[in-house]
Number of protein chains: 2
Amino acid sequence: MNRIVPPPPPPPALRSLQDRLARSTLAEESRVHQPASFASWFAAARERSGLRVDRMELDGLRNWYRDPRTGALRHRSGGFFTIDGLDVRFPSGPVSQWQQPIIHQPEIGVLGLLAKEFDGVLHFLMQAKVEPGNRNHLQLSPTVQATRSNYLRLHKGRAVPYLRYFQERTRHHVIADVLQSEQGAWFFRKRNRNIVLEVTEDVGVEEDFRWLTLGEIYRLLAVEDIVNMDTRTTLSCLAPAGGGVDGVPDTGDGFRKALVRSCAGEPGGVHGMAELLSWITEHRAHTDLATRPVPLGELRDWHSSPERISHDSGRFFSVIGVAVSAGTREVGGWSQPMIEPHGTGVIAMLVKEIDGVLHVLMRASAEPGYVDGVELSPTVQCVPESYEVLPGAARPRFLGDVLSAPPERIRFTCLLSEEGGRFHHALNRYLVVEADGEAGLLEDRDHRWLTLNQLNALLRHSHYLNVQARSLVACLHSMLAPRPR
Amino acid sequence: MNRIVPPPPPPPALRSLQDRLARSTLAEESRVHQPASFASWFAAARERSGLRVDRMELDGLRNWYRDPRTGALRHRSGGFFTIDGLDVRFPSGPVSQWQQPIIHQPEIGVLGLLAKEFDGVLHFLMQAKVEPGNRNHLQLSPTVQATRSNYLRLHKGRAVPYLRYFQERTRHHVIADVLQSEQGAWFFRKRNRNIVLEVTEDVGVEEDFRWLTLGEIYRLLAVEDIVNMDTRTTLSCLAPAGGGVDGVPDTGDGFRKALVRSCAGEPGGVHGMAELLSWITEHRAHTDLATRPVPLGELRDWHSSPERISHDSGRFFSVIGVAVSAGTREVGGWSQPMIEPHGTGVIAMLVKEIDGVLHVLMRASAEPGYVDGVELSPTVQCVPESYEVLPGAARPRFLGDVLSAPPERIRFTCLLSEEGGRFHHALNRYLVVEADGEAGLLEDRDHRWLTLNQLNALLRHSHYLNVQARSLVACLHSMLAPRPR
């Protein structure tokens, strides 16, 4: 009597999940027979998509209107998202108060990744998906990437393929399932559900979908602007360790060996977990960032034209309107407002080998849209041009170090996009840079060294790592794969 | 160079923390020479306190005023707390909408417990503290129990003793440090910082303070209305296991043995951690409870008299005013509004041995004041009288089972108070009851069996266990102590 029904089906093998993820990381080619190469499959998907994106005036967006009382931009269905104004007070911050537009999207969307073993190797069902905000339109997305408005088909589009697996998750083996924040500077308390399921049954593969190993996805992650943000955040839930990654030849300078040890968690980090949790709690208890809604139409230091809502300095970002026409998306054509950032961001983690284990310098920081006040961000996360109009104290402590790092200290660098459904050409350079100098001296009130194993433990729970940090964790995991030949 | 400065001082012994907590649990007497017995020390503190609490009209509360726009009750300093109105929509709940008064207390208070080893046994510095809402006024509180308004001395009272230890926590060994919610039915997004620090230096013991072992505190926890809520929530951060508790004779029916195994975490629970986290995520993603502020003066179904704000049915709770005069509290006298619940609550966990390991039936539920929508509560948490005016579907599934359990199935029962600084005579009967019936059949969408070890793992993070569940976890830990002779 003692078993609880229904039990989830066990994973197909008794090897540990981390081992199986490591094995997939080492698999440079898919074990599934697929008629076309990745490149020709992806090119064919681009051909089919035929996406076209045109700027249009904000008041001309079909099915969108301005709230007569506040000027907020809303969809007539009441769904999707709203753009309204926010007043931010942050007495202890480098900028003590400001106002800005912000996206309200109370719906919790699904970012779902299906996994399945073929020939003893985990594969993940990836989608070639167009998003209007992507410079190149088509990128590699998780199996499912859908808001509630999408899957309730508010715009009367096609059903979301594979969604039913995630709606019936208890029939499958749950690898990860956690609510995570998105850009706290642009979204007000938005969270998405990052969920990875392993299935054992046969899965039909639709035209724009393809099974890839982690090794294949990680190789694409180093290619400019292919692996989208939603893929990166779901990948951050997957922590490979053991399983043979320790057998791959080192980079010659001990870097790879230190990375492998950092993922394995033995020996531990320079800070114990209780101490790190206490450091985060201290920041959450003392942050004085406070927000309140203000009308979008009355924002201080912002002005409106028919085409955009912009900051008077010309920096930060604008709200713009676009008209989209597409072939394969859930709906044929639509128009919507988007956030258009001004300038390319720099998102960097400083890393350092300490006692033979790679550590990452994380920053505890507050953003107006976080649910729980403070999350851990990469060492540096900013748009350098913005500092031309901000006080000197706002410039991140390690930005100069990252921008001037010699090539041999740059371990990873790639230009990647943020979410193309809400952000227009939001490009950031993601970097992993070896730190110069004494580890202890690089810590201050806001910065601590953590191992990847510690970051992976935090990633099982909500609100610890922000979306930029989760992207870089995926990049760090990708460095466990064999180097491209 | 590789060590990070400053390192926290190491704990005094190499034994694991869980072992040391277990040893303190088994210590029935303090190892510190203290001139008076606990009973006479506690009686002397009551003598000194001389607390007097009188009802008074809400509009007569000194330094409090009604916001002219909303009718909200506010303190003139802008600090402490505010009582305002809340509108709740909960389409999928048993009651789909209601309005109510709620306490806003955005300040994060400190619930701090100092620990120190004497003669190789951990002791905790407890305070005999008066609170106006306690029926018996004086209860056992943690070392520090202070809101920011208290310790900034907004009411010009005395400094908070021992607070500096928690303000300089990195000088000491952090055992636990986590933000936790309080009553989500009465507080809007309030969190307190639960922090336990171990010190090695000499600590002067002030008059109303006393070092107690866990064994002593746990014995007091079974006495009606002595151990206050703030002590119970800090105790829930302490998870004894091993260290000799497994050597204490069993209760004769295997119950104690199953409890010891549940704390030790070997073998595991019927559900894996990934599966349990996914169940919580599912509830958070789908809860449709939504709130918005409404004026306290215009609440539907509530009415005001000079003495109180009450629900038209006479059920649930009222907002009342009290005048307090005290000797030993931080300030000589003050007046304040309080929440006065109507009826004594029942807060119960059903437990069951499954495969030799004690499991607890937890419920995932939404309350209007939670930061993250859903937390785990005990199996049953309610005021039975309230159901006379609520729909039948609102009655908790297991309430009848708990109320009709024969004495041999009741493993723990004690009448305990909720926080006496905000709630007036808020009494609940806390119960641990052995479940009848097949474990699998007692689970449904909202209920899952967890081990104590799994609950302890969740308690390292915010927003998983509500304050009532944390109280009962402390009660379950207390059952590891030897039975009173």
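Residue numbering restarts at 1 for every chain, and letters A, B, ... go by the order of the sequence lines.
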Check: A:I108 and B:H286 side chains under 4.5 Å, non-hydrogen atoms | no
Largest heavy-atom contact set with chain A, pairs under 4.5 Å, which of B:A290, B:A285, B:S462 | B:A285
Of the listed B:N192, B:I175, B:T281, the one with the largest count of heavy-atom pairs under 4.5 Å with chain A is B:T281
Contact class of A:R193 relative to chain B, heavy atoms under 4.5 angstrom = side chain
What's the shortest heavy-atom distance between B:L277 and A:R460, and which atoms?
-> CD1-O, 3.9 Å
Is any side-chain heavy atom of A:D177 closer than 4.5 Å to a side-chain heavy atom of B:E275?
-> no
Could you look at A:R189 and say if it's the side chain, the backbone, both or neither that has a heavy atom under 4.5 Å from chain B?
-> side chain
For each of B:H359, B:R191, B:H463, tally heavy-atom pairs with chain A at distances under 4.5 Å, and name the one with the top tally.
-> B:R191
Cut-off 3.5 Å, side chains only: do B:S278 and A:R169 have a donor facing an acceptor?
-> yes
Of the listed A:V178, A:L442, A:D372, A:L17, the one with the largest count of heavy-atom pairs under 4.5 Å with chain B is A:D372
